[in-house]
Every structure is written in structure tokens, then in C-alpha cells.
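As C-alpha cells, the structure follows; a few thoughts come after it.
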Amino acid sequence: MAKITLQGLSTDKAALEAAHVELPKFDVKAVQEYTKTHPVWIHCGAGNIFRGFVASLQQTLLNEGLQQSGIQTVSCYDGAIIDEVYKPHDHLTLEVTLMPDKTTRLKVLGSVTDGFKLNGSCKADEETVRALFREQGLQLLSFTITEKGYALKGMDGAFQPQVLKDMEEGPANCRHAMSLTAAFLYERFKAGAFPLAVVSMDNCSHNGDKVRDAVLTVAKAWADRELVGADFIAYLEDKSKVSFPCTMIDKITPRPDPEVAEALKQLGIEDMDPIKTARGSFIAPFVNAEKPQYLVVEDDFPNGRPPLEKAGVLFTDKNGVDLCERMKVTTCLNPLHTALAVYGCIFGYQRIWQEMEDAELVRLVKKLGYDEGLPVVEDPGILSPKAFIDEVINERLTNKFLPDSPQRIATDSSQKVTVRFGETLKNYQKKGLDATKLIALPLALAGWVRYLIGVGDDGKVFELSDDPLLPELKKILEPVTFGRPESVGDNLKPILSNASIFGVNLYDLGIGTRVEELVREMLSGEGAVRRTLQKYLN
């Protein structure tokens, strides 16, 4: 048996190699020690996409001798990830690449050197991280904290209670990820106004702008209370000092699959069981993910950066990133994923690939992507939209070895529909096209609302995935009931007219009433969702 620990890399090396596990080509312990005093890269968000993609990039550079320092990660939300997964395995991760032919490629990642909890449970960790930001050689702070991690306000447009508390108490005592970012930048400012790149790697439109706006909002609230000076605001607004590059990231990284854990156990690798933390994070000592991956980054790093282009990262200007991001997030992958997610939950599917054997759902995503998305998306040049969507539909979503579930993709869906559907609607508006002629997109929106009812097409109740707006949405939809299409009434209007959810008021584009009609049809009884899809897609 072999363990994925520092000791295991030494004592269990033969067993790991017999299991065809690729090991780090560098001295992991030496890199961990060096990084403590020579930080280059700090990453916020200790979950699966970070370990399965971002950390692997730095691993490549370390393997090739192009970097000496690893990545230090922080968790602002769920400290259990650090305590229950990172520390027991000495911050090592087993990367499991799931190939379409049902083979795996196994690799031990040793590029992550530390894990710190910033959720209020460990003051020592917070002080250590503050000290790291005072180091002149630090080049970037990156994020994978999902869309909701950047939100300062709730659905009602008011600041979240934690954000208000952070604004009142100042940089010495805050908890929200964006408040902490502002606080750490304040440490860096006080230490000598050293430059830094602050890089979101999340699937949000204009993610760099979102981070910048959130950080400046918090910092200016502090300045208004005279908790920081105007010179700190000037530092944040000086692009030669602090940059907020935009990025586009793409790699399907599902929750760790128990079947993968069992397969690893059969190979003689111990302690690989997945866990669900008390805060709802699905995590394991391994990460399972597909092989295709894309990261496009605006090349704006005022303190330099690792040579990530040698690990496959594409660097371009802001416009290039914007076009790639819009292509992927608004047309070629994310809208298809979200549509599959909500309908998959309604139909009771447990895997995305199973949905790609459902004739109606395949028609839905093809029409959504090819017929309604591609006509309004601009070709970025770096990546081909048509080739990208071909790969998504024909190779990626159909990968039967990828244990990705509709339930995972449906998580935080209220934070996703703005970009994944709203941006396409805005493009129709900008180009003077008639949105009322759309078919698949209104079906996707109606499917999301129908999903929020929490009753499957078979009439059975199912559990909705976690979502920060779920309590508010459920309260609005409480009068709407399965089997009673007339209960829709005017009850959807507060949702469908809310531009903070969709990016637009659906009634202004002439499709709000259309979505209402579709939801009514889908609520008429058992099998109504299936019949509705067949009616409009055949």
C-alpha cells in the first residue's frame, strides 16, 4: 500500500510507480521550505479546480526547473478543506485525469506548499498571510472562489451583513474574501507600495473588473471612515502598482467520485476517501478531471509572473480575453452546462454524459449553442468558437468516465444565469435582433424556474443544490405548485423582471411572458416537462 504524503513519496515510491503514478521531478520538501520565505504566488480558493488545474500549471514549471517557489493557498470560507485534506497529506494532491477511453493518468502534485485558514478560526494563519503580502517578491494573488465569492450585495441590492461589518471594522478585522483582499493589499501598501497582480480565475464575465470593483468598494468605505488614507486608494487605482487582469478558464472538474476512490484503493493507494465538509464542500485527497483545459490571461503583471505560457497558458490583451471568455461562458460551454444541469435534476439524471444520450436534451443544447449562441458571439481568433463547441458536444460532455453530475453544475445557479444566458440576450439587443424568435434560450430559462420548484417531471420532490439566493427564490415561488399551471399567475414577475439575476429585464426583451407560458406548460403534471421540450424542439 502507498500513501500520498511526503514520507510516502520516499518509502512508497516503488508502489506508486507500480501503480503508474507520475511523481514530482523536484524536491517537494525543499520547495515547501523555500516558498515560506520566497513567496511568489498566493491562491485564494483551495478547492478542486485550483488543485486539478491551476496547481498543475506551477507543477509543470517546477518539474522543468523554471520556478523555485510553489503556490501557497488560503481558504476564506471552508477551513475544513485545509484541516481534513491538505494537512494530512502534506499539501500533496493526487491528480486523476479521466480519459474518454476509460483510462486514467495519475500524477502527484507537489506545487502547493501551504494551506491557511482565513475563516476566523486561526489567527496565526491570518497573521502569516499578512506577512506574506509584505514580501516584495510576491507576484500574484489568484482566485477560484466561484461567482458568489465576489458579490458584496444580496438580491435586494443591499450590502451583505458581513460586508457592512467589514466596512465598519476596517482592514484589521474582516472576513469576506473581497474585504480580506483589500486588507492584504493594504499590508502590501504599508510595506512599501509593492506592485502585485490580482487575478480572478473564475467563470464570471469580466472577472478582473469584478475583483477590482469589489476591492475598491470596500477600500473606499474604509477611506470614508478614515480607516485608511486616500494614498491607499491611489495605490489601488494605479495600474502600474496593482493590476486586475481578466481571464478565461475552462476545465470540467467534478466532485471527487467514490468510484475513482475505490479504483485508487484497488491500485494500493490509501486514504483517498472523499468527504463532504460541514460547510458543504465536496473534497478528497485526489482531484478527478477531464484532460481538455484552457486558461487565457490578460498579460498585465506589474511585478512579473511565472512563465506560465510554457505550461500551456495563453496570454493576450484584455480584449482577447474578453472575447474568449464571452465565447466560452455565454455560448460554447457554460450555458449548455447549466441547461443540462437544471433539466438533469428535473429528469433525475445523475451524470451529465447520461443526458447526452437523451434526444431532447441534445437537441436543446445544440440549438442553444449552434443556432442561438454562435450567431451573436465574436470570434476571438485565439480559439475557434465552432471548434470549441464541437469539442464540448462531441467529446467533453459525452465522456462517460467523467463523473460530473447535474446536481453539481446546478449549484449557485442564480449566480450563473446572469452571464450564461443574460449576455446572449444583451447581444441580441445590441445587434438589433429579435429575441422573441429564440426557442432554446427561453426553454433554458423556463427550465431553471421549473427546477426551482423542486419537483421532478415524475412528480417526486428532489433536493435543490446549494444557492445563496435559494431562500429568497423559494419564498417568491412558494405559491407556484406542481400540477396547477394556473398557480403561476403573476408570481414569476419578481424573478423574470430582476435584471440583477438575468442581466436584463426579460419583459423588456419580450420573452418574460414567453417564459411564463413555458413554465405553465411544464407544471401541468407528470411528463409535462418532457412533452414541452418535444413540442418546441421537434
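Within a 6.0 Å sphere centred on NZ of Lys291, other residues, nucleotides and ligands contribute 12 heavy atoms or fewer. Within a 6.0 Å sphere centred on NZ of Lys87, other residues, nucleotides and ligands contribute more than 12 heavy atoms. Atom NZ of Lys241 sits in a crowded spot, with more than 12 heavy atoms from other residues, nucleotides or ligands closer than 6.0 Å. The 12-atom threshold is not exceeded at CD of Gln136, counting heavy atoms of other residues, nucleotides or ligands nearer than 6.0 Å. Within 6.0 Å of atom CD in Glu309, more than 12 heavy atoms from other residues, nucleotides or ligands are found, so the atom counts as buried in its surroundings.
Between atom OH of residue Tyr86 and atom OG1 of residue Thr93 there is a gap of 6.0 Å, rounded to the nearest 0.5 Å. With rounding to the nearest 0.5 angstrom, the NZ atom of Lys123 is 11.5 Å from the OG1 atom of Thr128. In this structure, CZ in Phe244 is found 6.5 Å from CZ in Arg212, a value given to the nearest 0.5 Å.
Looking at residues two or more places apart in sequence or on another chain, you find a side-chain contact (heavy atoms from CB on, under 4.5 Å) between Pro403 and Leu98, Pro254, Asp257, Asn288, Arg351. For His20, there are no ring-ring contact (aromatic ring centres under 6.0 Å, His included) partners two or more places apart in sequence or in a different chain. Residues that satisfy the side-chain contact (heavy atoms from CB on, under 4.5 Å) test with Asp317, not counting sequence neighbours, are Asn319. Evaluation of the side-chain hydrogen bond (donor to acceptor under 3.5 Å, both in side chains) rule for Ser10 yields no partner, not counting sequence neighbours. Looking at residues two or more places apart in sequence or on another chain, you find a ring-ring contact (aromatic ring centres under 6.0 Å, His included) between Phe50 and His43. Lys190 is linked by a side-chain hydrogen bond (donor to acceptor under 3.5 Å, both in side chains) to nothing, counting only residues two or more places apart in sequence or in another chain. Partners of Tyr235 under the ring-ring contact (aromatic ring centres under 6.0 Å, His included) rule, at least two apart in sequence or in another chain, are Phe189. Every side-chain contact (heavy atoms from CB on, under 4.5 Å) that Thr181 has, sequence neighbours left out, goes to Leu141, Phe143, Met178, Leu185, Val198, Val215. Listed by chain and residue number, Phe462 satisfy the ring-ring contact (aromatic ring centres under 6.0 Å, His included) test with Tyr451 (two or more places apart in sequence, or in another chain). Not a single side-chain hydrogen bond (donor to acceptor under 3.5 Å, both in side chains) links Glu135 to another residue, sequence neighbours left out. Under the side-chain hydrogen bond (donor to acceptor under 3.5 Å, both in side chains) criterion, His89 pairs with no residue, sequence neighbours left out.
The ring pair (Phe, Tyr, Trp, His ring centres under 6.0 Å) with Phe133 is formed by just one residue from the set Phe184, Tyr186, Phe116; it is Phe184. Phe315 pairs with exactly one of Asp300, Val296, Asp299 by the side chain to side chain contact (heavy atoms under 4.5 Å, CB included) rule, that one being Asp299.
Val297 places none of its side-chain heavy atoms less than 4.5 Å from the side chain of Met248. With a 4.5 Å cut-off on side-chain heavy atoms, Gln293 and Leu57 count as touching. The shortest distance between side-chain heavy atoms of Pro302 and Ser240 does not fall below 4.5 Å. Side chains of Arg175 and Asn119 form no contact here, defined as non-hydrogen atoms less than 4.5 Å apart.
Checking Ser414 against Asp467 by side-chain atom types alone, a donor-acceptor pair falls below 3.5 Å. A donor-acceptor pair shorter than 3.5 Å can be found between the side chains of Ser56 and Glu95. Residues Asp358 and Tyr349 bring a donor and an acceptor atom of their side chains to less than 3.5 Å of each other. Side-chain contact of Thr277 with Asp78: a donor-acceptor pair under 3.5 Å is present, judged by distance alone. The closest side-chain donor-acceptor pair between Gln162 and Asp166 falls under 3.5 angstrom. Side chains of Gln350 and Gln354: a donor-acceptor N/O pair is absent below 3.5 angstrom, by distance only.
Between the side chain of Asp209 and the backbone N or O of Pro245 there is no donor-acceptor pair closer than 3.5 Å.
One finds a salt bridge joining Asp412 and Lys148 here, because a Lys/Arg side-chain nitrogen approaches an Asp/Glu carboxylate oxygen to under 4.0 Å. Note on Arg134 versus Glu187: salt bridge recorded, some NZ/NE/NH1/NH2 to OD/OE distance being below 4.0 Å. Of the charged side-chain nitrogens involved, at least one lies within less than 4.0 Å of a carboxylate oxygen, so that Asp390 and Lys386 count as a salt-bridged pair. With respect to Asp250 and Arg396, a salt bridge is recorded, a charged nitrogen being found less than 4.0 Å from a carboxylate O.
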Original post:
Can you check salt bridge (Lys or Arg N to Asp or Glu O under 4.0 Å) on Asp404 and Arg408, steps first, answer last?
Top reply: CA-CA 7 Å; Asp404 209 2; Arg408 181 188 81 89; 2.7 Å; yes

When the side chains of residues 330-338 are checked against the rest of the protein, which donor-acceptor pairs come out under 3.5 Å, sequence neighbours left out?
| from | atom 1 | to | atom 2 | distance (Å) |
| --- | --- | --- | --- | --- |
| Thr330 | OG1 | Arg326 | O | 2.3 |
| Asn334 | OD1 | Lys328 | NZ | 3.2 |
| Thr338 | OG1 | Asn334 | O | 3.3 |
| Thr338 | OG1 | Arg420 | NH1 | 2.9 |

